[in-house]
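Structure record follows, encoded as structure tokens.
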Amino acid sequence: QVQVVESGGGLVQAGGSLRLSCAASGRTFSIYRMAWFRQAPGKEREFVAVISWSGNRPYYTDSVKGRFTISRDNAKDTVYLQMNSLKPEDTAVYYCAATDSGGYYNTERTYAYWGQGTQVTVSS
């Protein structure tokens with residue numbers, strides 16, 4: 001089993017920045033990749049970014065490319081999401097997810113382990 005806990009959400013003005021953290025615990029040696037998803041009010045949860053535990057290139061959804069950066073610190077079993085140039089449409093609950101197997105990286109069903117989510121609100 002793997003547990004993941006997000007932190008770092010909050011309220012920020014448009015154009016501002018936030019950094020989310022996701023700390024993993026438990027059988028972290030089994031983690032294959034970790035990702036961020038988000039869910040805005042009234043919308044389905046959507047993929048944001050993913051990074052493998054071994055160092056392969058990250059992937060992003062088009063709407064955040066050039067603004068968000070996903071990174072990891074294997075020594076701390078932590079993944080980060082640096083969010084710059086935030087827009088009101090980035091407002092959502094952000095979820096961290098982990099998987100110990102392969103599968104489509106941008107699909108929810110790929111990930112067995114989920115955090116409780118952290119709220120990000122961007123004011124205009």
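The structure displayed is predicted, hence computed values, not measured ones.
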Output the distance between atom [atom1] ([X]) and atom [atom2] ([Y]), rounded to the nearest 0.5 Å.
X      : Y      : atom1 : atom2 : answer
Gln13  : Ser124 : CD    : OG    : 9.5 Å
Ser101 : Tyr111 : OG    : OH    : 9.5 Å
Gln119 : Arg38  : CD    : CZ    : 12.0 Å
Arg45  : Glu108 : CZ    : CD    : 4.5 Å
Leu11  : Leu18  : CG    : CG    : 8.5 Å
Leu86  : Ser123 : CG    : OG    : 10.0 Å

Any sub-3.5 Å donor-acceptor pair from [X]'s side-chain atoms to [Y]'s backbone N or O?
X      : Y      : result
Thr91  : Val122 : yes
Glu6   : Cys22  : no
Thr110 : Tyr104 : yes

Nearest heavy-atom neighbours spanning [X] and [Y]:
X     : Y     : result
Asp90 : Ser85 : OD2-O, 4.5 Å
Pro58 : Ile70 : CB-CG2, 3.5 Å
Met34 : Ala24 : CE-CB, 4.3 Å
Cys96 : Val4  : O-CG2, 3.8 Å
Ser17 : Gln82 : CB-NE2, 3.9 Å
Gly9  : Leu20 : N-CD2, 3.6 Å

query = side chain to side chain donor-acceptor pair (under 3.5 Å) with Thr69: which residues, sequence neighbours excluded?
reply = none
Basic-acidic side-chain contact under 4.0 Å: Lys65, Asp62 = yes
ask   = Are Val50 and Tyr95 connected, step by step, through hydrophobic side chains (Ile, Leu, Val, Met, Phe, Trp, Tyr) whose heavy atoms are closer than 4.5 Å?
value = yes
Phe47-Val64 co-clustered via ILVMFWY side chain contacts under 4.5 Å = no
note = side chain to side chain contact (heavy atoms under 4.5 Å, CB included) test vs Leu81 passes for just one of Val48, Thr118, Ile51, namely Val48
Within 6.0 angstrom of Gln1 CD, more than 12 heavy atoms from elsewhere = no
task = For Tyr113, look at atom OH and say whether over 12 heavy atoms of other residues, nucleotides or ligands are found less than 6.0 Å away.
result = yes
message = Test side chain to side chain contact (heavy atoms under 4.5 Å, CB included) on Trp53 and Val79; report intermediate values, then the result.
response = CA-CA 9 Å; Trp53 218 236; Val79 169; 3.4 Å; yes
key: All pairs passing ring pair (Phe, Tyr, Trp, His ring centres under 6.0 Å) where residues 59-86 contributes a residue, at least two apart   = Tyr59-Tyr105
ask   = Residues two or more places apart in sequence or in another chain: which of them pass salt bridge (charged side-chain N to carboxylate O under 4.0 Å, His left out) with Asp100?
value = none
task = Using the six-membered ring wherever Trp is involved, compare the ring planes of Trp114 and Phe37 and label them parallel, tilted or perpendicular (cut-offs 30° and 60°).
result = tilted
query = Any side-chain heavy atom of Val5 sitting closer than 4.5 Å to one from Gln3?
reply = no
Val120 side chain reached by Met83 side chain, heavy atoms, under 4.5 Å = yes
